[in-house]
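Atom set for the values below is all heavy atoms of this structure, side chains included, hydrogens, waters and symmetry mates excluded.
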Amino acid sequence: MLLFDALEGRFRDIKLRPKRADCAVCGDDPSVTCLQDYEAFCGSSATDKCRTLQLLPGADRISVEQYKALLDERVPHVLLDVRPQVEVDICRLGHAVHIPLSRLEDRDEESLQRLEKRICEEKQRTSNQTSLPVYVVCKLGNDSQKAVKILQELPAIECGSVVAKDIKGGLMAWATKIDPTFPQY
């Protein structure tokens, strides 16, 4: 492969690994012999726009502006970030508890105990108010809705009732509407 760096005016020759005999495209007996119809193969349209899910009623969702107002007023709550670890490594809100959606879906006992412990700690700081809100965030607001449904189905925790709500638009809405310095990826 030949690379040309127009800015520096340099050429670079890169040796690629040789073709493998068992490769599906370039091997001795290829199984992929023509271009694939992306939409037929994936079962969805070829678009870079993510579809917005509507899994929860409006009462179970809040906007990023409403969440920011809660933060400013120091309303006691727990923020649960359900993105995969690789996304959390890119950026995060410092006060969030991170438990990936996959662990909630698997009903991972260790993760649920960690969340319950954080909720109980927060309730103790607030003189054990009757219910403590848990706001759930993800990148775009889809996985967080799934997580809220899971949390609503879980049995009551030891330290009382919990109200789970989704933050609409997730961290990308946060970056767009609240903090333009927050990384978008």
Please check if [X] and [Y] belong to a single hydrophobic cluster, counting links between Ile, Leu, Val, Met, Phe, Trp and Tyr side chain heavy atoms closer than 4.5 Å.
X    : Y    : answer
V86  : L140 : no
Y135 : I178 : yes
V88  : L104 : no
L79  : L70  : yes

Please determine which of R92, R114, Q85 meets the side-chain hydrogen bond (donor to acceptor under 3.5 Å, both in side chains) test together with H98.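 Single pass found, and it is Q85.
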So [Y] and [X], do their side chains get closer than 4.5 Å, heavy atoms only?
X    : Y    : result
D179 : K68  : no
L112 : I99  : no
L101 : I150 : yes
I167 : V64  : yes
Q152 : D60  : yes
V25  : P30  : no
S63  : Q66  : yes
L132 : P76  : yes

Give, for atom [atom1] of [X] and atom [atom2] of [Y], the distance between the pair rounded to the nearest 0.5 Å.
X    : Y    : atom1 : atom2 : answer
D166 : L151 : CG    : CG    : 11.0 Å
L154 : L115 : CG    : CG    : 8.5 Å
E109 : E116 : CD    : CD    : 10.0 Å
Q184 : M172 : CD    : CE    : 5.5 Å
W174 : C91  : CH2   : SG    : 12.5 Å
I14  : M1   : CD1   : CE    : 4.0 Å

Testing L56, I62, V136 for side-chain contact (heavy atoms from CB on, under 4.5 Å) with K165, which one passes?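 Output: one option passes, namely I62.
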Residue pair V134, I119: steps toward the side-chain contact (heavy atoms from CB on, under 4.5 Å) verdict: CA-CA 8 Å; V134 174; I119 292 168; 3.8 Å; yes
Any sub-3.5 Å donor-acceptor pair from [X]'s side-chain atoms to [Y]'s backbone N or O?
X    : Y    : value
D106 : D108 : no
H77  : V75  : yes
Q145 : L55  : yes

Closest heavy-atom pair and its distance - R61, G169: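 Closest pair (atom of R61, atom of G169, distance): NH2-N, 4.4 Å.
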Exceeds 12 heavy-atom contacts within 6.0 angstrom, atom CG of L16: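 Atom CG in L16 is packed in, count exceeds 12.
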Taking everything shown except D89 itself, do over 12 heavy atoms lie less than 6.0 Å from its CG? yes
Please name all residues satisfying ring pair (Phe, Tyr, Trp, His ring centres under 6.0 Å) with F11, sequence neighbours left out, ordered by chain then number.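 F11 satisfies ring pair (Phe, Tyr, Trp, His ring centres under 6.0 Å) with F4 once adjacent residues are dropped.
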Ion pair check, R107 and E153, cut-off under 4.0 Å: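 Salt bridge flag = yes for E153 with R107.
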State plainly whether the residues D143 and K139 are in salt-bridge range, i.e. N to O under 4.0 Å. no
Would you check, one step at a time, whether the test side-chain contact (heavy atoms from CB on, under 4.5 Å) holds for V97 with V78? CA-CA 8 Å; V97 176; V78 170; 4.0 Å; yes
